[in-house]
Trainee: 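What follows is a structure written as structure tokens; I'll ask about it next.
Model, not experiment: these values are computed from the prediction. Scope of the values below: all heavy atoms of this structure, side chains included, with no hydrogens, waters or symmetry mates. By convention in this document, chain letters (A, B, ...) are assigned in the order of the sequence lines, proteins followed by strands, and residues within each chain are numbered from 1.
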Amino acid sequence: MIDVRRLRTDLEQTKAALARKRVPADEVERAAALDAAARRLATQADELRARVKSLSRQVGEAMKAGRPEQAEALRAESKQLGDDLAVVEREATGVDATLRDAMLRLPNIPADDAPDGASEAGNVVLRTVGFDPARYGPHNRVPHWDIGNELRILDLERGAKISGSMFPLFRGGGATLARALCQLALDRNSDAFTEVRPPSLVRTPVLEAVGQLPKFADDAYHIERDDLWAVPTAEVPLTSMRAGEVLAEDELPLRLMAYTPCFRREAGAAGRDTRGLLRVHEFDKVEILSVCTRAQAPAMHEEILNRAIGAIEALGLPYRVLDICTGDLGQSHARSFDVEVYAPGCDMWLEVSSVSWFSDYQARRAGIRYRPVGGGPNQICDTLNGSALAVPRVWAALVETYRQPDGSVALPSCLHPYFRGATSIAGSLAT
RNA sequence: GGAGGGAUGGCAGAGCGGCCGAAUGCGAGGCUCUUGAAAAGCCUUGGGAGUGCGAGCUCCCCGUGGGUUCAAAUCCCACUCCCUCCGCCA
């Protein structure tokens, strides 16, 4: 969440900044008013409590001095104040909870240099690399769901039989490819990032820390009986790994990566782009993430973007990079770059990575701070992350791009080490 | 799942219901002594909030949330987590 103090010192500026994310001004004003009320009540409660404490001390002293009647009088007075205090505290607790909820729902302030725009139409294409429509023959203009059936490497019907639609089932070389892509991503980033294999089911505060809750509860799978949530991305457990801790500045930046399954209900997107692997409820992804100082953030953002792009380049897929406009920026995001790959079979650009800077929005929620080397008060960290590689859409673009005239799928050389000697996916491998 | 034990500051570890935000030790930082270092001695050393121009003042935090009390780290209840043992199990 954003710093409440902003609402006290820079209310107008904050309203203007959030207006770029289409947040109505009265929502911000409401939070500011709640904050003022909360502080007023806190001061009132503090004063009452201070008097109760001081009177209580005097009760003890009077008893010790053998003046029971005086002790009794002080005790009665303190009791009365205590009752008053209880009333104020009850009110304060209520206001605090309302304020907290309002703050959790306010999105992050967008970065100054994020482009303005009302919707995804306002996103800016920064560059397009390797895209040449003339290079594709008719054998490439086959959508991956058809290729998947043909080679028996993607079986959406069986997936649906088991779990419902949008739960893909890969088999044979298709399954190997899905796993190989993850392994490739982990291997490519192991030079600088520590691999983590976190739990896939998390508690409510963990999902709250990244900004998914309370606002977007419908998008996540929730296991009622145990009150656990299935992670929509490894960003969720990784961000909370050091939650509530004060880190030493010299241990920053933290660089973490994790392979996890990702679960998304896609409640708001029902029916859109749902063919094949374009949008699924469960998929595998390797995420890279950093916890760092504000000063380290810009370079880290650049680095994570380059790493995301690097994997796509290694796979030989055309891609483009988008600068996400304020109207399309997620709740927690200050600035995001999306990487999209071109899929010739369905003739679409598919988002395969979103590389984002969250400023201190998530870290404040998660309570991740660092102790500055030169001394001074503890600072809230910044967090950044991006997909190193998300399987289904890359799988789709790759299969379409590398389909040969004979129907087989050639494998780019960087994947050969993961294929037990094979260099293509053909019928024989696909049984 | 069952039975026990535990949770206190960076760590270890005390803590009769009142003067405990908390002894003591270690660690860390500063100073003295020393050519330098070690040793020794002295001092400092948690986090958060409110308020004030400021020195400051006030409040909250002893796993979490409730309760009892004039007063709770200390008593009561619930929950969470950790440890030991039993059971079950990939």
Trainee: Write down the distance separating the P atoms in B:rC77 and B:rC82, rounded off to the nearest Å.
Mentor: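 Between the two P atoms, the distance is 23 Å.
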Trainee: Could you give the distance separating B:rC88 and B:rG1 at their P atoms, to the nearest angstrom?
Mentor: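 The same atom, P, in both gives a distance of 15 Å.
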Trainee: Scan A:Arg40 against the nucleic acid and name what it touches under 4.0 Å (heavy atoms): base, sugar-phosphate only, or nothing.
Mentor: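 Touches nothing.
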Trainee: Map A:Ala45 and A:Gly82 onto RNA chain B by nearest heavy atom, then report which one ends up closer to the 5' terminus.
Mentor: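 It is A:Ala45 whose nearest nucleotide is closer to the 5' end.
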Trainee: In plain terms, say whether A:Arg30 and A:Glu27 are close enough for a salt bridge, that is, a side-chain N and a carboxylate O under 4.0 Å apart.
Mentor: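 So A:Arg30 does not pair with A:Glu27 through a salt bridge.
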Trainee: Only pairs with both distances under 3.5 Å count, Watson-Crick or wobble alike; so what is the partner of B:rG46 in this structure?
Mentor: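 Per the H-bond distance test, B:rC61.
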Trainee: Taking a pair as Watson-Crick or G-U wobble with both distances under 3.5 Å, which nucleotide is matched to B:rC16?
Mentor: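 B:rC16 is paired with nothing.
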Trainee: Give me the distance, rounded to whole Å, that separates B:rA73 from B:rG18 when you measure between the C1' atoms they each carry.
Mentor: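 Rounded to whole Å, the distance is 13 Å.
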Trainee: Heavy atoms from C-beta onward define the side chain here; which of B:rU51, B:rC60, B:rU58 lies closest to that of A:Ala50?
Mentor: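 Closest of the options to the side chain of A:Ala50: B:rU58.
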Trainee: Is there a Watson-Crick or G-U wobble partner for B:rC85 with both distances under 3.5 Å, and if so, which one is it?
Mentor: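 Checking every strand shown, B:rC85 finds its partner in B:rG2, with both distances under 3.5 Å.
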Trainee: Which value, in whole Å, describes the distance between the C1' atoms of nucleotides B:rA22 and B:rC61?
Mentor: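 Result for the C1' pair: 12 Å, nearest Å.
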Trainee: Give none if B:rA73 has no partner; otherwise give the nucleotide forming a Watson-Crick or G-U wobble pair with it, both distances under 3.5 Å.
Mentor: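 Partner of B:rA73: none.
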Trainee: Reading RNA chain B from 5' onward, which residue's closest nucleotide shows up sooner: A:Gln58 or A:Val52?
Mentor: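 This one resolves to A:Gln58.
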Trainee: Considering only distance and modelled atom types, tabulate donor-acceptor pairs under 3.5 Å from the side chains of residues 156-166 of chain A, sequence neighbours left out.
Mentor:
from: A:Arg158; atom 1: NH1; to: A:Asp155; atom 2: OD2; distance (Å): 2.7

Trainee: In sequence, state the C-alpha distance, the side-chain angles, and the governing distance for A:Glu47 and A:Arg51, and then conclude on salt bridge (Lys or Arg N to Asp or Glu O under 4.0 Å).
Mentor: CA-CA 6 Å; A:Glu47 280 164 5; A:Arg51 289 170 66 194; over 6 Å; no
Trainee: Taking the same atom, C1', in B:rA72 and in B:rC60, what whole-Å distance lies between them?
Mentor: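 About 15 Å, rounded to a whole number of Å.
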Trainee: Whether the A:Tyr259 and A:Glu195 side chains hold a donor-acceptor pair (N or O, under 3.5 Å, no angle test) is what I'd like checked.
Mentor: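 No.
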Trainee: Check this for me: does any side-chain nitrogen of one of A:Glu61 and A:Arg57 sit under 4.0 Å from a carboxylate oxygen of the other?
Mentor: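 Judged by the 4.0 Å cut-off on N to carboxylate O distance, A:Glu61 and A:Arg57 do not form a salt bridge.
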Trainee: I'd like the C1' distance from B:rC20 over to B:rG13, given in whole Å.
Mentor: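 Comparing C1' positions in B:rG13 and B:rC20 gives a spacing of 16 Å.
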Trainee: So, is A:Arg57 close to the B:rC20 phosphate, meaning a side-chain N or O under 4.0 Å from OP1 or OP2?
Mentor: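 No, outside the criterion.
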Trainee: Searching all strands shown, indicate the nucleotide that pairs with B:rU51 (Watson-Crick or G-U wobble; both distances under 3.5 Å).
Mentor: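 For B:rU51, the partner nucleotide comes out as B:rG56, under the 3.5 Å rule.
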Trainee: Going by an N to O cut-off under 4.0 Å, is there a salt bridge joining A:Asp35 and A:Arg6?
Mentor: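 Not counted as a salt bridge, because no side-chain N and carboxylate O are separated by less than 4.0 Å.
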Trainee: Report all interatomic pairs (protein N or O, nucleotide N or O of nucleotides 45-48 of chain B) with separations under 3.5 Å.
Mentor:
from: B:rG47; atom 1: O3'; to: A:Arg369; atom 2: NH1; distance (Å): 3.0
from: B:rG48; atom 1: OP1; to: A:Arg369; atom 2: NH1; distance (Å): 3.1

Trainee: Suppose you measure atom P in B:rG25 against the same atom in B:rU44; what distance do you get, rounded to whole Å?
Mentor: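 Going atom to atom, P in each nucleotide, I get 13 Å.
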Trainee: Taking the P atom of each, how far is B:rC16 from B:rU74, in whole Å?
Mentor: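 Those two atoms are separated by 12 Å.
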Trainee: Can you tell me how far the CE atom of A:Met241 sits from the CG atom of A:Leu238, to the nearest 0.5 Å?
Mentor: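 Reported value, rounded in 0.5 Å steps: 7.0 Å.
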Trainee: Would you kindly say whether A:Tyr370 and A:Glu251 are connected by a side-chain donor-acceptor distance under 3.5 Å?
Mentor: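 Side-chain D/A pair, A:Tyr370 to A:Glu251: absent.
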